[in-house]
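A note on names: the letters A, B, ... follow the listed sequences, proteins ahead of strands, and every chain is numbered from 1.
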There are 2 protein chains.
Amino acid sequence: MTEEEKKRSETRARILKALAHPTRIFIVEKLNEKSYCVCELTALIGADTSTVSKHLSVLKNAGLVIDEKKGTAVYYSLACNCVLDFIGCVETVIRKNIERDIRFLKT
Amino acid sequence: MTEEEKKRSETRARILKALAHPTRIFIVEKLNEKSYCVCELTALIGADTSTVSKHLSVLKNAGLVIDEKKGTAVYYSLACNCVLDFIGCVETVIRKNIERDIRFLKT
DNA sequence: TGGTTATTTGGTAAAATAGCCAACAATAAA
DNA sequence: TTTATTGTTGGCTATTTTACCAAATAACCA
């Protein structure tokens, strides 16, 4: 790997890693509907507030979500609709995997 | 999270996690050109053979690549062109992040 | 057969992640 | 001002991930 290839791969991996957690991919799915504040997401997820807050900061640092303060609440939303495309990609892969498995079983 | 939402998020995260490593995203990028055997990839990456082999098995277990034995060599290729779409998504996010940063600096 | 090359697997130590609790900060309400 | 409510941060432990080495496996060749 050249130095440039290495840097590019690290940048890409950093973004993918931010998304690669069940709770965080769930958050992204939810934020596609509308903005949610931390306490609402905490209720939906069923984990400690601090845990959810940390997941949100991981997403924010990767530039996947943005936050906006309203009173004491902090509302999060997708930084770009394109973030949702990852879920589309994942679902395609899952579907293709199933198709491949079926084809294999038929042999 | 309902039990179903949890399971779906875990499935999705498992696939994203398989991709979320600099070396593995680099491998996917390379495999888009053509099939490569482990020793070729090892030379390109510059890590231990066993390390590269393990990265490949992570990708394979996620259904992102397939392998084919030819003599003593094992050739890997993308399981589906759709795997490359992840890189497209990541690049879009990176581009949008830069645009956002520029817009912010202008204020 | 014996040796060589290619790959995978097991072991291990170091580093990164994740989750909870407690403490702190900020804003709103009484 | 005191009291709640909402979020973030630091500290700690447990788990997972990663990389290398060494050993085992597989297929080819002399």
Participant: Can you name the residues that form a disulfide bond (SG atoms under 2.5 Å apart) with B:C82, not counting sequence neighbours?
Facilitator: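 Partners of B:C82 under the disulfide bond (SG atoms under 2.5 Å apart) test: B:C80.
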Participant: Using whole Å, what does the distance between atom P of nucleotide D:dT6 and atom CG of A:L41 come to?
Facilitator: 14 Å
Participant: List the atom of B:L78, the atom of B:N32, and the distance in Å for their closest heavy-atom pair.
Facilitator: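 Distance-wise, the nearest heavy atoms are CD1-CA, 4.0 Å.
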Participant: Any pair with a residue in residues 62-84 of chain A that passes salt bridge (Lys or Arg N to Asp or Glu O under 4.0 Å), sequence neighbours left out, goes on the list, sorted by first then second residue, please.
Facilitator: A:K60-A:D67
Participant: How long is the gap from CD1 on A:I27 to CD1 on A:I45, to the nearest 0.5 Å?
Facilitator: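 One finds 4.0 Å between CD1 of A:I27 and CD1 of A:I45.
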Participant: Looking at every non-hydrogen atom in both residues, tell me the closest pair between B:C37 and B:A73 and how far apart they are.
Facilitator: CB-CB, 4.2 Å
Participant: Using whole Å, report how far CG of A:L56 lies from C1' of D:dT8.
Facilitator: 11 Å
Participant: Give a yes/no answer on whether the side chain of B:H55 brings an N or O atom under 4.0 Å of OP1 or OP2 in D:dA19.
Facilitator: yes
Participant: If you compare all heavy atoms of A:E5 against all heavy atoms of A:M1, which two are closest, and at what distance to 0.1 Å?
Facilitator: OE1-CA, 3.3 Å
Participant: On a heavy-atom basis, which atom in B:S35 and which in B:S77 lie closest, and how many Å separate them?
Facilitator: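 What the structure gives for the nearest pair is OG-CB, 3.3 Å.
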Participant: Measuring from A:I25:CD1 to A:F86:CZ, what's the distance to the nearest 0.5 Å?
Facilitator: 8.5 Å
Participant: Please check the phosphate of D:dT6 (OP1 and OP2 only) for any side-chain N or O of A:Y76 closer than 4.0 Å.
Facilitator: no
Participant: Could you list all N or O pairs between the protein and nucleotides 24-30 of chain D that sit under 3.5 Å apart?
Facilitator:
from	atom 1	to	atom 2	distance (Å)
D:dA26	O3'	B:K69	NZ	3.4

Participant: Given the rule in the side chain to side chain contact (heavy atoms under 4.5 Å, CB included) test, do B:T92 and A:D85 qualify, once you have shown the distances and angles that lead to the verdict?
Facilitator: CA-CA 10 Å; B:T92 302; A:D85 296 345; 5.9 Å; no
Participant: So which heavy atom on A:I94 is nearest to which on B:T11, and how close?
Facilitator: CD1-CG2, 3.7 Å
Participant: A quick test of your reading: do over 12 heavy atoms of other residues, nucleotides or ligands sit less than 6.0 Å from CD of B:E33?
Facilitator: yes
Participant: Just report the end-to-end axis angle for the helix from C:dT1-D:dA30 to C:dA30-D:dT1, five pairs per end, to 10 degrees.
Facilitator: 10°
Participant: Starting at OH of A:Y75 and ending at P of D:dT8, how long is that distance when rounded to a whole Å?
Facilitator: 13 Å
Participant: How many Å lie between CG on B:N61 and P on D:dT17, as a whole number?
Facilitator: 12 Å
Participant: Distances under 3.5 Å only, N/O to N/O: pair up the protein atoms with those of nucleotides 9-11 of chain C.
Facilitator:
from	atom 1	to	atom 2	distance (Å)
C:dG10	O6	B:K54	NZ	2.9
C:dG11	O6	B:K54	NZ	2.9

Participant: Rounded to the nearest Å, what distance is computed from the CD1 atom of residue A:I45 to the P atom of nucleotide C:dA18?
Facilitator: 13 Å
Participant: Using side-chain heavy atoms (C-beta onward) and a distance below 4.5 Å, is A:R8 in contact with B:E29?
Facilitator: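 Side-chain contact under 4.5 Å: yes.
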Participant: So which of residues 12-32 of chain A are in contact with DNA chain C, with a heavy-atom cut-off of under 4.0 Å?
Facilitator: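 Hits under 4.0 Å, by residue number: A:K17, A:H21, A:R24.
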Participant: Rounded off to whole Å, could you give me the CD-to-C1' distance for the B:E68 and C:dT7 pair?
Facilitator: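 That distance rounds to 16 Å.
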Participant: Would you mind reading off the distance between B:D67 atom CG and C:dT8 atom P, rounded to a whole angstrom?
Facilitator: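 So the two atoms are 7 Å apart, to the nearest Å.
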Participant: Taking all heavy atoms of B:V28 and all of B:L84, pick out the closest pair and write down the distance.
Facilitator: O-CD1, 4.2 Å
Participant: Roughly how far, to the nearest 0.5 Å, is the CG atom of B:L41 from the OH atom of B:Y75?
Facilitator: 10.0 Å
